[in-house]
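Source: prediction; values computed, not measured. As a basis for the values below, the full set of heavy atoms in this structure was taken, side chains included, without hydrogen atoms, waters or symmetry mates. The residues of the chain are indexed from 1 along the displayed sequence.
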Amino acid sequence: MVENRLGFYLDDRDYAHYLISDLDIEAQLMAVRAIIARNAAAAKDASDKIDELAEWARTSTGMENHRATDIWVDHMHASVFSDAAASMAAVGMFAPLVESVFTQTFRTLGRMYDASGTKIPDHERWMRLSDEEFDRWYCNIYVDEDKVRTDVAAGIRQLSDATGLRSFLTKDDFRLINALMLYRNRMFHMGFEWPLDDRLRFEKLIAQNNWTSYFTSSRHGEHPWIFYLTDDTVSVLPAWADELIAKIGRFARSLPRELLSAVIE
């Protein structure tokens with residue numbers, strides 16, 4: 001911990017608030033954890049019910065067996081979509097949360113540099129893009145050699161490179177950010193059941209980007225049908241988001257004092 005000029009000791013999360021002070025991130029994370037826990041409990045209840053119905057179908061005979069089997073199959077089919085709804089809820093909470101944190105971080109950094117008159121670190125993004133064209137600190141855009149494209153995951157990575165934040169993040173952080181953003185876009189634009197071509201492309205992305213621990217899928221024959229965030233991924237997202245805030249705090253702590261002074265004073 002470090003003592004500030006008022007005599008208070010600041011940890012990494014305190015320093016993060018210099019960059020994300022417009023967000024009540026602690027309240028957001030409390031709300032998200034509550035929903036994740038509630039959905040996990042509901043999923044367990046549904047799974048237990050399916051197990052009970054499976055046992056009923058296994059041990060019954062005659063017409064009772066036909067009825068038990070039909071009810072079990074109906075619950076199994078419904079669980080495909082209830083699991084998809086829970087997965088959409090998780091990505092619907094965490095992808096915007098992460099995007100808002102980085103948006104706030106980079107825009108605050110932009111204001112710090114402007115207010116303090118500090119020179120921005122050299123980076124190709126600044127040479128390729130002027131403020132007259134786009135907001136250079138807007139992380140939803142990625143600046144290529146000859147064009148600007150909307151790509152929040154790539155924009156976060158590029159601005160992290162340009163500002164020095166990348167030194168405080170890991171390859172796994174960026175891998176998960178990219179996975180969440182692409183999955184969020186598909187789920188929110190196409191719902192649970194995507195066109196086959198999109199499903200096949202996403203399956204290839206999972207293999208190419210080493211996302212196999214993040215996603216699972218139900219299947220129709222040989223083809224993927226509905227994609228889900230794995231239970232393990234959903235369960236660690238709150239702790240991962242907590243650590244992400246701490247990493248941004250460690251980055252804020254490393255900034256030149258004249259930059260922090262631009263928002264402290």
Side-chain angles (χ1 to χ4, degrees), residues 1-2 4 10-26 28-29 94-131 134-145 148-182 184 209-210 214 236-264:
M1 291 187 178
V2 175
N4 73 359
L10 304 180
D11 62 14
D12 293 335
R13 293 179 72 83
D14 292 323
Y15 267 91
H17 287 279
Y18 284 125
L19 296 175
I20 58 171
S21 60
D22 288 348
L23 302 177
D24 192 343
I25 195 65
E26 307 301 341
Q28 287 192 41
L29 286 170
F94 280 99
L97 185 150
V98 169
E99 186 174 343
S100 68
V101 165
F102 281 104
T103 296
Q104 180 71 28
T105 293
F106 294 127
R107 288 198 163 159
T108 301
L109 277 172
R111 292 196 298 270
M112 286 178 171
Y113 277 104
D114 288 343
S116 66
T118 304
K119 183 180 180 296
I120 303 173
D122 292 333
H123 191 269
E124 59 191 12
R125 180 179 174 102
W126 316 130
M127 295 184 289
R128 295 173 182 173
L129 187 66
S130 69
D131 286 329
F134 291 94
D135 179 352
R136 295 191 299 177
W137 296 94
Y138 187 40
C139 67
N140 285 57
I141 59 173
Y142 175 82
V143 187
D144 213 334
E145 290 185 8
V148 174
R149 73 173 190 267
T150 300
D151 187 333
V152 64
I156 288 171
R157 182 186 290 269
Q158 188 177 51
L159 270 167
S160 295
D161 281 339
T163 60
L165 174 56
R166 186 168 185 172
S167 298
F168 296 83
L169 303 175
T170 67
K171 290 182 179 179
D172 284 341
D173 289 329
F174 288 114
R175 183 182 296 118
L176 183 51
I177 289 167
N178 194 28
L180 289 173
M181 297 305 168
L182 290 179
R184 184 268 307 269
N209 291 288
N210 192 24
Y214 300 154
V236 302
L237 282 175
W240 173 73
D242 270 334
E243 181 59 21
L244 196 62
I245 302 305
K247 290 174 180 178
I248 290 172
R250 289 193 281 275
F251 166 65
R253 188 196 295 273
S254 76
L255 292 172
R257 185 156 298 278
E258 60 267 24
L259 284 182
L260 288 182
S261 296
V263 294
I264 294 174

Next item on the list: Apply side-chain hydrogen bond (donor to acceptor under 3.5 Å, both in side chains) to the pair Thr108 and Gln104, showing each step before the final yes or no.
Entry: CA-CA 6 Å; Thr108 301; Gln104 180 71 28; 3.3 Å; yes
Taking the side chain as every heavy atom from C-beta outward, state whether [X] and [Y] have any atom pair closer than 4.5 Å.
X: Thr150; Y: Tyr138; answer: no
X: Val101; Y: Leu19; answer: no
X: Leu109; Y: Leu165; answer: no
X: Arg13; Y: Asp242; answer: yes
X: Asn178; Y: Ile156; answer: no
X: Tyr113; Y: Pro121; answer: yes
X: Leu237; Y: Leu176; answer: yes
X: Thr163; Y: His123; answer: no

Item checked: Test salt bridge (charged side-chain N to carboxylate O under 4.0 Å, His left out) applied to Arg157 - qualifying residues, sequence neighbours left out -> none
Check: Looking at residues at least two apart in the chain, or sitting in another chain, which of them share a salt bridge (charged side-chain N to carboxylate O under 4.0 Å, His left out) with Arg175?
Finding: Asp172
Next item on the list: Evaluate the ring planes of Phe106 and Phe102, with Trp represented by its six-membered ring, and classify them as parallel (under 30°), tilted (30 to 60°) or perpendicular (over 60°).
Entry: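 It falls in the parallel class, under 30°.
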Next item on the list: Classify the angle between the aromatic ring planes of Phe251 and Phe168 as parallel (below 30°), tilted (30 to 60°) or perpendicular (above 60°).
Entry: perpendicular
Notebook entry, point to check: Okay, side chain of Asp114, backbone of Arg111: is any donor-acceptor separation there less than 3.5 Å?
Noted result: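 No, Asp114 side chain to Arg111 backbone: no donor-acceptor pair under 3.5 Å.
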Note to self: Show, in sequence, the C-alpha distance, side-chain angles and deciding distance for Lys171 and Asn210, and conclude whether the side chain to side chain contact (heavy atoms under 4.5 Å, CB included) test is met.
What the structure shows: CA-CA 11 Å; Lys171 290 182 179 179; Asn210 192 24; over 6 Å; no
Compare every heavy atom of [Y] with every heavy atom of [X], then report the nearest pair and how far apart it is.
X: Tyr214; Y: Ala179; result: CD1-CB, 3.7 Å
X: Pro238; Y: Phe94; result: N-CZ, 3.6 Å
X: Arg128; Y: Asp144; result: CD-O, 3.3 Å
X: Ser100; Y: Leu23; result: O-CD1, 3.7 Å
X: Asp135; Y: Arg125; result: O-NH2, 4.3 Å
X: Arg149; Y: Ala154; result: NH2-CB, 4.0 Å

Next item on the list: Can you sort out the partners of Val148 under side chain to side chain contact (heavy atoms under 4.5 Å, CB included), two or more places apart, ordered by chain and number?
Entry: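 Per chain and number, Val148 pairs via side chain to side chain contact (heavy atoms under 4.5 Å, CB included) with Leu129, Phe134, Ile141, Val143.
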In Å and rounded to the nearest 0.5 Å, what is the [atom1] to [atom2] distance from [X] to [Y]?
X: Trp137; Y: Met112; atom1: CH2; atom2: CE; value: 10.0 Å
X: Ile25; Y: Ile20; atom1: CD1; atom2: CD1; value: 5.5 Å
X: Met181; Y: Asp151; atom1: CE; atom2: CG; value: 10.0 Å
X: Asp12; Y: Ile245; atom1: CG; atom2: CD1; value: 11.5 Å
X: Asp173; Y: Ser160; atom1: CG; atom2: OG; value: 9.5 Å

Notebook entry, point to check: Should Asp22 and Arg107 count as an ion pair when the cut-off is N to O under 4.0 Å?
Noted result: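 Answer for the salt bridge query: no.
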